[in-house]
Amino acid sequence: MAAAQPNRLPSGGRIDRSRPLAFSFDGKACEGFAGDTLASALMAGGVSLVGRSFKLRRPRGIVGSGAEEPNAIMQIGEGAAAQPNLPATQVELRGGLTARATRGWPAARFDIGAINDVFGRVLGAGFYYKTFMWPRSWWKHYEHGIRKSAGFGQAPDGPDPDRYEHMNTHCDVLVAGGGAAGLMAAMTAAKSGARVILADEQNEFGGSLLASAASIDGVPAADWVAAAVAELQGLEDCVLLPSSTVFGYHDHNFLTIAQRCAGPTGSSDGGAVRERLWRVRARQVVLAQGSLERPLAFCNNDRPGVMLASAVSVYVERYAVLPGRRAVVFTNNDSAYRAAISLAGAGAEVAAIVDSRPGGGGELGVRAQALGIPVLAGHVVSDVAGRRRVTGASIARWSGDSWGAVRSTIRMDCDLVAVSGGWSPAVHLHSQAGGRLAWDESRLCFLPAEARQAHVSAGAGNGKWSLGECLADGLRAGAEAVSRLGLKTAAIRAPETSPDAGENPIEPLWRVPAARDADRCPRQFIDFQNDTTVADIRLAAREGYRNVEHVKRYTALGFGTDQGKLGNINGMAVLADVLGKTIPEVGTTTFRPAYTPVSFGVCAGESVGELYDPVRTTAIHQWHEAAGAPMETVGQWRRPWYFPRNGEDLHAAVARECLAVRNSLGVMDASTLGKIDACGPDVVEFLERIYTHNVGRMKVGRCAYGVIPGEDGMLKDDGVMARTGERRFYLTTTTGGAAAVLDWMEKWLQTEWPELEVYLTSLTDHYSTIAAAGPNSRRLLEKLGCDIPLDKERFPFMTVKPAELAGMRVMLFRVSFSGELAFEINIDSNNAPAMWRKIMEAGAEFDIAPYGTETMHVLRAEKGFIIAGQDTDGSVTPVDLGMNWLLSKEKDFLGKRSLQRPDCLREDRKQWVGLLSQDGRTVLPEGTQLIGDNGKAAKMCGHVTSSYFSACLGHPIALGLVAGGRQRKGETIYAAQAGRDPLPVQIVSPVFYDPRGKRQHV
Amino acid sequence: MSETSSPLPGVEISVRSGRGFLNLRLNPRRGQALEAAERILGQPVPPAANTFTAGEHEIYWLGPDEWLIATAAERVLSLGSELAEGLAGFHSAVNDVSGGHVELLVSGVDARTVLTKGCTLDLHPREFAPGQCAQTGLGRAAVLLAAGDPSIYTIVVRRSVSDYLCSWLANAARPHGARFPAR
Amino acid sequence: MLLIECPWCGPRAETEFSYGGEAGIERPADPYALSDAEWADYLFFRSNPRGAHRELWNHAQGCRRWFGVERDTVSYRIEKSYRLGSAGSGRPAAAQIEASEEKRR
């Protein structure tokens, strides 16, 4: 074990030494313990090189211990269940886990791109924009190379087999962050009777308390945490979510939380959920996400072994890992002294605490010195030595001039540099919610200021650095949320802690001076993941960039998976310094969700595969499936496309189905049509306004074809309507238009004409519609047994009657969408499968052919009937479609006024016509562009909207919109064809078959 | 929330067969239409939004002038005629919509959790108590959701999307050891 | 995701609603008395303000009622939602503001 984990301390920490876990990193077998993160296990195993930087390919090590980690970016898992780009600091160690460094192919220790670093002087800010833009035709080569060497993770190679789910929930108080402040806030709110959700991104609650030596109420901090968590768990309406990152704060107090539940299981069969997305509507939110430590910008500050001081403490205290044997601590504030004390306590040598402040630290400084740690006040670390691991630090006297050059340095050997440049509250969620930020000149950080939504910040995220302050601030925030809810705050006292150590104030130190000036010295990194340096920001400013958002995009500052959690404030401060502005004048870039990267899997949740979008099926769907009909998707509906017999293809089946309808009998499931019952004393007046024809003239029992224009005069939808009573109509719509038509009618009724008494009820799902079409359709119905006479005198074309057919109650329509004698049977969907089966049995003697959507399309095209949405596109008026006969001159209707607009009266509007390929055999692709002549520069004059081969006519037919088309019948125009000469087509009437309509009247 | 399958299912889902449905429209503030309907139905027509009454039928509020009456399938024809006759003097509409709806029952200790996966309503028993109903979304389908006795929910869904909804429910319920009738 | 107060059903998630554009657009009593430009102005042009905006929403997945909402287009705050005028009020309902009790907690 000692060999496998050379940096593991023999005791202490929150890891379980009785549960060793084997894992692999870059193909090498490693070992850690339960309770480790991947990062702490790697560090325990002595892995100091975990990746390469994005642009310069510099070797990199672990810097942080949480969401801020820029370097240790891993590909976790293999194959379809792989997840790319996870920070090792946030991956809970599991047995069997496989990890690869995503930055540094083929392995972090050997990287062919490292040569970039040598020639890197030319890879300054805006390098990509300046270099790879010209010549333009080369871009595809550049892109390939850039992507290959970029070294981001690899996308999984198949659909993710794991289970993800969403959970919608509501609460009174959502507490984001379960450290000292968050626990206090949650406790206060929950005990006051509020419904509470407490979420923390780590696998254990407690935040920094898990690595703290402090005591609370007389017990070690970790014990206090355990007791608090146990108490919260016992409360009924308190939900505790560990391993859960609140990553988005959206409008109206809607927040999103990504919860990591299980490792990749590679199977969705079991119940285990890999990740869960909580979608929370919270009445109040307490933001207690703590703060992020900033590094300092000195030369070569990216070398493996340079770490955040707080992370050093976390690795020592929480994970019992020693990040180095001989450390230099470099700081401008008191907090880093804790890291020195932790290191010393764990047996490491602390060569020195280098403190830029002339007076050094406060009480913690005294304590450190008592442990024999030398403190070099008024000094800075200006450079470090070592390439794959720090070997020493150069220390210089600090003059207070950031941009000057240091004269002499002393060298101190070390393998670890623990750095603190101060702290930035994690104001991300506050800002996402629209909250303002205010620069605090004494704490040197942005603090959350006025909130725009219902939230309150607490703890270190509110600039409260000490434990006592955090606990008190959490209590205050919890009580504030409770009182805003109108609840009475339970009596809770702030726990007692050892008095906070007296601190000396932080000193502003953004860029550390080096031996050479800022443009010539070794790189001083601001953003580690994107290799943005102090020099890059200076260059951007020199080239004229002033706005922080522009500088960000030009230098890629804050672009990475860590979204600038380490570097942004330092970058802005350097920019401010260069521009001679204050930091608040420069301001911050915009904070947007997500706070940390979230997986596509958890975004999609259950909405994958067959659950991606609801599929609507008719009551007869099972029969169609059993008959082997391929399905066509129409909106959300699944409709039979055609019914092949004996291995027929689409064309053979459709030709046979068409001829069956024209010559004998076909039957179609038309149940997807929208159906609306409209009734009331004002129903005629209402429909007169909606439809263009004279609705009032329809007698009870009559049907009419109607079109619905929008108020702009353009056709919205069409369908047959039937007058079923003096004050009652049965309206049908297209399949796709059903919901929209009902909404359209309701909108006018409710918003504009509330004085009209009309009730509209959707019957789309209640009624199934079976269309029996063909010369033998009447004989079919007679054979089934119908209680009403079906002859053409007593049941003429375009009428409707309630009837009993085959012993079942139906609404029988004598209408036709094929031009043949036809009946549409509307029947309670519960009875539809039985009716369909009886029709198929009775129709056998007529060789009945069930037909699908394709045949329906051909039949209606032969008759020149439109399909709204196929032959129309929102720019076509009823006049363009040749439907002047439908437009009443005696009344007003919606859209009528617009039809008089000059544009609608133009003679050269595109009008709907029939088209015949002059070669007699080419079926034009739908969408084909129509041109006036066959010259190369010919102007487009229209396009094909529908096109089929007509088996009945023996040649192709097409329908299309042609400028001024109706006056041009007989003319020849041309259809553009890809890779071939334009094909001559003749403009004809859109009615190809039975133009007098005799067949439907028999 | 149980995440592993246990011998006792946390949720059971079933389709209620033999149900009939009527859609009723009338203006409850106009004349005695509401009272006339209640006389025929033999139970109150709920005036309060998002509530239902349970008696011989369940009568769900759908809108300020719209209700769904769920009853035994064999009662629909006569009940519909009685209502149509009894309300003939009022602006009203009665439609048999039996073929358009499917009724499902979701019950068990995890029923609320399962529904929460696809419904944005606050289903906490204090907020969505027995006797309350709501038209809302479940998964990607529009549904009528009603709270019966604690941990029993009724779902009424359009027939054409009922297969989708059953698949959705079966998937959401799988981690809870669901029992689901074979479809 | 917005939380919209349906005047009948109470607060519901935005996904239950459909948007109906600007409210309070009075439909001309006699469209034929308008010039083409005036008609186009009614038909196509909207105020698109920065700040308070009155708009129509439909509780599409719920009670199917159209109602009015006053929403700030900058902060997205909903100041109020209200029922439209009832039958027989003599004025186009969309042009009215009949504020319901603001129930937002």
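So that the names make sense, note that chain A is the first sequence line, chain B the second, and so on, each numbered from 1.
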Using side-chain heavy atoms (C-beta onward) and a distance below 4.5 Å, is B:Thr120 in contact with C:Glu14? no
For a quick check under 3.5 Å, do B:Thr136 and C:Gln61 share a side-chain donor-acceptor pair by atom type? no
C:Tyr76 atom OH: more than 12 heavy-atom contacts under 6.0 Å: no
Listed by number, the residues in residues 45-74 of chain B that come under 4.5 Å of chain C (heavy atom to heavy atom) are B:Ala49, B:Asn50, B:Trp61, B:Leu62, B:Gly63, B:Pro64, B:Asp65, B:Glu66
Would you name the heavy atoms of C:Arg12 and B:Gln135 that are closest together and state the gap between them? NH1-O, 2.7 Å
I'd like to verify something: which residue of B:Leu121, B:Asn27, B:Leu144 has the highest number of heavy-atom pairs under 4.5 Å with chain C? B:Leu121
